[in-house]
Amino acid sequence: MSKGNKKIQVEVKETPNNREGFVELELYVNDEKIGQLQQIEGQTVTVKTNSGTESKVRTVDEGINKLIMDYNLHQM
């Protein structure tokens, strides 16, 4: 049996900690925070999941994809 398609809303929000040379973003799926991305200008992006796992990726887009894949693997 196949399941029906679910509507999933993904949202990226900037945090108040953003300043010149530092970017901090939070990723939400259906209004549930699933992780955070931090980058100091010129360095790799740090990805933090809600479970406390921390990893490094090259770009913010890679970090967003990593958080969504982790969410799909463990939550859905």
Side-chain angles (χ1 to χ4, degrees):
M1 295 192 147
S2 66
K3 294 182 180 180
N5 291 337
K6 294 182 185 178
K7 289 190 177 193
I8 297 176
Q9 178 183 351
V10 177
E11 191 173 2
V12 178
K13 296 181 182 179
E14 291 184 4
T15 68
N17 296 336
N18 282 345
R19 57 185 182 275
E20 190 170 329
F22 179 76
V23 176
E24 185 174 73
L25 305 170
E26 293 177 337
L27 188 66
Y28 291 83
V29 172
N30 295 332
D31 296 325
E32 175 188 347
K33 182 181 168 186
I34 64 168
Q36 187 175 50
L37 303 161
Q38 295 178 332
Q39 182 179 31
I40 297 173
E41 191 174 332
Q43 295 184 12
T44 59
V45 178
T46 303
V47 179
K48 297 178 183 178
T49 64
N50 283 348
S51 63
T53 308
E54 194 172 299
S55 58
K56 302 274 187 185
V57 294
R58 283 181 262 153
T59 66
V60 171
D61 287 340
E62 281 182 47
I64 291 170
N65 285 335
K66 183 169 181 54
L67 284 171
I68 292 171
M69 285 189 307
D70 185 63
Y71 175 80
N72 284 334
L73 180 64
H74 297 291
Q75 301 297 325
M76 297 192 110

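Residue indices begin at 1 and follow the sequence shown.
Counting only N and O atoms by type, the side chains of K48 and T53 include no donor and acceptor under 3.5 Å apart. Using a 3.5 Å distance cut-off with no hydrogens or angles, the side chains of E26 and T15 do not pair a donor with an acceptor.
Of all the heavy atoms in F22 and N17, the pair that sits closest is CD2-O, 3.5 Å. Listed here is the closest heavy atom pair of E54 and T46: CG-CG2, 3.5 Å.
Rounding to the nearest 0.5 Å places CG of L27 at 9.5 Å from CD of E11. Rounded to the nearest 0.5 Å, atoms CG (N18) and NZ (K13) are 14.0 Å apart. Annotation: the span from I64 atom CD1 to E62 atom CD amounts to 11.0 Å, rounded to 0.5 Å. Rounding to the nearest 0.5 Å gives a distance of 7.0 Å between NZ of K56 and CD of Q43. Here the NZ-OG1 distance, from K33 to T49, works out to 10.5 Å after rounding to the nearest 0.5 Å. With values rounded to the nearest 0.5 angstrom, Q9 atom CD is found 5.5 Å from D31 atom CG.
Under a hydrophobic clustering in which Ile, Leu, Val, Met, Phe, Trp and Tyr are joined whenever their side-chain heavy atoms come within less than 4.5 Å, directly or via other members, V10 and I34 fall into the same cluster. If you chain together hydrophobic residues whose side chains sit under 4.5 Å apart, I8 and V12 fall into the same group.
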task: For the pair V57 and N65, evaluate side-chain contact (heavy atoms from CB on, under 4.5 Å) and give the outcome as yes or no after the intermediate values.
output: CA-CA 10 Å; V57 294; N65 285 335; over 6 Å; no

*asked:* Walk me through whether V60 and V23 qualify under side-chain contact (heavy atoms from CB on, under 4.5 Å).
replied: CA-CA 10 Å; V60 171; V23 176; 5.6 Å; no

